[in-house]
Every structure is written in structure tokens, then in C-alpha cells.
Amino acid sequence: MAPPYVPPLHAHFYTAPHSGMLWETRGDETQHGKRNYRLLLQHPHSFHISKAITKGLKTERHLVVSLAMSHIYEYATDNVGKCGVLEPEEFFGKAKDSYDWAKRMTNAAFWAFTYKAFHARALFLASTTDPEKRKAKQPLVIALDEFREAFFECYTIDYTEIDEEEVLTRQEDIERVEEEVYINKSVRAKYFPPELTSPASEGDGTDKLFTKFKRLRPNYPEPPPNMDELDLSKVPDHELFYYDTHCKSKHRDTFRDVPSESKRDSLDVPKEGGLSPISSKRTYDAFSDYRESGVGADDEEPVEGHEAEEADAEEADDGDDAMEDVAGVGQEEVPDVKKLKITDD
């Protein structure tokens, strides 16, 4: 018995210019007027993803596949606040596993598809300035745009959006905002790495490389937008019924077990009492520098952080105890002398 036919991955998705995604890179200039391009839907994970879609959705219809993928990214958008405590591969893996049909895909394969999809969307937006053409039409593109917008809003690097006050006067408030900006930049670099999602990028280097003349680009026809393709009423009833009953309805909350940690705890950023990579010098560091310069501490090793505070506190306590002892001795001897002088008078 012959194995079931698995179509190439690009057969499942819209690739025409009006689709809102451009699944090939800009390419590098070569000799004789040619350019080397990368095909973002032909990579080591392509067959695995296509097989999972074919078995899970039982259709090759572009609109149904786009709709199914969009529901995964819509669920990811609802849980965008968990990006700060999960790595991208694990985060999108949990979003994928929320639907039974998509669990056939591995986390690594789906993360690869995700950043390539964001790359394809960025390439398309960079290829046109027409507002009507840039507008998202198919479900997958709409869901990707919504996730991107929610993500950058959640992990903003705008100081004014982090703190509602216009002017930060206290040093600890300034350090807190600077540290949050630092963390948000780190999260952004994980989920939207420029080397993988920027329109100027050539991707991760695993996509199929092909060469063609510039005059042939793009290599597919440019038909006018066919909105009938995006009309669910055109989809056969049996395909929609199967998707509604066997795919869309089998959904569960896979982010429920994710610990509710703060973004601060998710990254290796110094806690209170430690010096943040972007914060100013602490007030007690000046005293530490003074001690390290050799004034009053020639034979002592410099102590930093909480140890310096504890050492200073112990020295202060010892000094207070010594003063109390000296004062106690004087108070016992001096009054007796005064009493004797009064008696003699």
C-alpha cells in the first residue's frame, strides 16, 4: 500500500502577492544580473509541518489552513504576557499544543515556521507602500499582525509608557524603569531577532537557495486580489464541518501551568542590592570606593554589596559598645570625686 500523499508545504499557504506575505527573501546580487534567493517555505522542517497539516486538517484548502493557523496565534496573543517567562520555542509550542490537530508538529518546527512567517510578513510590508495592499486580509496575516502589535505593546521600550509620571525624580524609580526597558529589549531580541525577521535578512540559512534573473521576479503571476478565495461560504460544508468538530473545538488551556513570575525574575538581572547593567551607581558605592582607595583601610580587602553594609553595621555597633564602656567608667569615678570636694567645703 502506497503511503498517503503529502504535498509540499507551499501548497498549503497563499503565496500570491495579494496574500499579505512574501515567502522569498530579497536575495544577494550575483554575476550576470542574477540574484540568489531563499524560499522560506522550503527548509528542513517543511515536510514535517506539511505532514502534520495534512493529517490534522484533512484539507489542502488555503483558507482552512490559514484559519486553523490563525487560531493558534490568536491564543498566543491572549497569553502574550507569558513571553517574558518562556523561551520562544516553548511559548509557541504551548500555543500549538492547545489544539490537538497541531500537536503533531514539534516545538522546534513550529518555532521555525513562526519566525519565517513573521519574516515573510515583514518582506511583504517592505515591498509596497500602498495602504490598501498592506492591509491584512487572510486570517493568518491578521492573527500575526495582532500578535506583533500586542507583543510590542506589552514589552515596550518607551520610558513614558512604562511609567505614567512624566518626570521621575527618585533614583530608585529611574533605575526601575531603566531595568524594565533593559528586560523588554532582551525579550524582543528573543522573539523578533533581526537576523531572522528583518526584511533585509536572508533568514537562518536553512531555506532552499535558488537563482533567477531579476527581470523574472516575482516568479509567480500577479493576479488581482480575489476576495472570493477568502470567503468561507465558498468552502465545502464537509470541510468546514470537519474543522469545526475535530479541530477547532478540541482546544485546551496549555498556559495554565505556567508560573506567574514577573519579567524581572525571568532573566538574569541583578535583584535589589545589586548593580543593574543599566542603573546608576548606588549611594553606598561611593563609600566603598573611598575605603578601597586606602584611607583608613590599608590592610583590609574591599567588600562590596550587602557584605559591605553588614561589615559597616558591625563596626558601628562595636564602636557604640566601646563608647558606652568608656562613658560608664567615667560616670562611676567622677561623681565620687565631686562628692568628696563638696564634703570638704
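No hydrogens, no waters, no symmetry mates; every other heavy atom, side chains included, goes into these values.
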Rounded to the nearest 0.5 Å, the CG atom of N184 sits from the SG atom of C154 at a distance of 7.5 Å

Taking T25 for its side chain and R38 for its backbone only, find out whether a donor-acceptor pair lies under 3.5 Å.
yes

Is the closest side-chain heavy-atom distance between K94 and D257 below 4.5 Å?
yes

With salt bridge (Lys or Arg N to Asp or Glu O under 4.0 Å) as the criterion, how do E87 and K190 come out once you've worked through the C-alpha distance, each side chain's angles and the decisive distance to 0.1 Å?
CA-CA 8 Å; E87 293 298 315; K190 288 183 183 179; 2.9 Å; yes

Verify the distance criterion only: is there a donor paired with an acceptor across the side chains of H119 and S201 at less than 3.5 Å?
no

Pair F152 + F192: ring centers closer than 6.0 Å:
yes

Check the pair R121 / R148 against side-chain contact (heavy atoms from CB on, under 4.5 Å), numbers first and verdict last.
CA-CA 11 Å; R121 178 58 174 162; R148 184 184 178 90; over 6 Å; no

D97 and N107, any side-chain heavy atoms less than 4.5 Å apart:
yes

Run the numbers on F255 and Y75 for ring-ring contact (aromatic ring centres under 6.0 Å, His included), then give the verdict.
CA-CA 10 Å; F255 285 101; Y75 179 63; 5.4 Å; yes

With side chains defined as the heavy atoms from C-beta onward, is the minimum distance between D207 and L39 less than 4.5 Å?
no

Do H71 and Y243 meet the criterion of a side-chain donor-acceptor pair at a distance under 3.5 Å?
yes

Do any N or O atoms from the side chain of R35 and from the backbone of G27 form a donor-acceptor pair under 3.5 angstrom?
yes

Distance, nearest 0.5 Å, that separates CG of D253 from CG of N79:
6.5 Å

For side-chain contact (heavy atoms from CB on, under 4.5 Å), just list the numbers for L40 and L123, CA-CA rounded to whole Å, side-chain angles, deciding distance to a tenth of an Å, and then say yes or no.
CA-CA 11 Å; L40 298 178; L123 285 165; 3.9 Å; yes

Y5 and T54 side chains, donor-acceptor separation under 3.5 Å
no

Just checking E149: does its CD atom have more than 12 heavy atoms from other residues, nucleotides or ligands closer to it than 6.0 angstrom?
no

Verify the ring-centre separation between Y37 and F210: is it less than 6.0 angstrom?
yes

Pair D204, T206: side-chain N/O donor-acceptor within cut-off below 3.5 Å
yes

Side-chain (S46) to main-chain (L41) donor-acceptor, under 3.5 angstrom:
yes

Side chains of S50 and P7 in contact at under 4.5 Å (non-hydrogen atoms):
yes

Backbone of E195 reached by a side-chain donor or acceptor of S198 within 3.5 Å
no

Report yes if the side chains of L57 and C247 come closer than 4.5 Å at any heavy-atom pair, otherwise no.
yes

In this structure, is the centre-to-centre distance between the rings of F113 and F92 below 6.0 Å?
no

Between T114 and Y73, is a side chain to side chain donor-acceptor pair (under 3.5 Å) present by the stated rule, with each step listed?
CA-CA 9 Å; T114 297; Y73 291 106; 2.8 Å; yes

So NZ of K116 and CG of L9: to nearest 0.5 Å the spacing works out to 10.5 Å

Say whether, by atom type as modelled, one donor and one acceptor occur between the side chain of K248 and the main chain of T245 under 3.5 angstrom.
no

Test your reading of the model: is there a side-chain donor-acceptor pair from S127 to the backbone of F124, 3.5 Å cut-off?
yes

Over 12 non-hydrogen atoms of neighbours within 6.0 angstrom of CG in D244
yes

Is the shortest heavy-atom distance from the side chain of V6 to the side chain of K55 under 4.5 Å?
no

If you measure from CZ on R134 to OG1 on T129, what distance do you get to the nearest 0.5 Å?
7.5 Å

Within-4.5 Å side-chain heavy-atom neighbours: S66 and F13:
no

Find the distance between CG (D145) and NZ (K135) and round it off to the nearest 0.5 Å.
12.5 Å

With a 4.5 Å limit on heavy-atom distance, are the side chains of K51 and H48 in contact?
no

Y115 and F110: aromatic ring centres closer than 6.0 Å?
no

With rounding to the nearest 0.5 Å, note down the distance linking CZ in R61 to CG in L240.
8.5 Å

Give a yes or no answer on whether the side chain of H62 reaches the backbone of A11 with a donor-acceptor pair at less than 3.5 Å.
yes

Can you tell me if T211 and N36 form a side-chain donor-acceptor pair at under 3.5 Å?
yes

Would K137 and V141 count as a side-chain contact (heavy atoms from CB on, under 4.5 Å) here? Give the steps.
CA-CA 7 Å; K137 297 181 177 66; V141 175; over 6 Å; no

Indicate yes or no for a side-chain donor-acceptor contact from T156 to the backbone of E153 under 3.5 Å, with no hydrogens or angles considered.
no

Would a distance-only check, ignoring hydrogens and angles, find a side-chain to backbone donor-acceptor pair under 3.5 Å from Y155 to V80?
yes

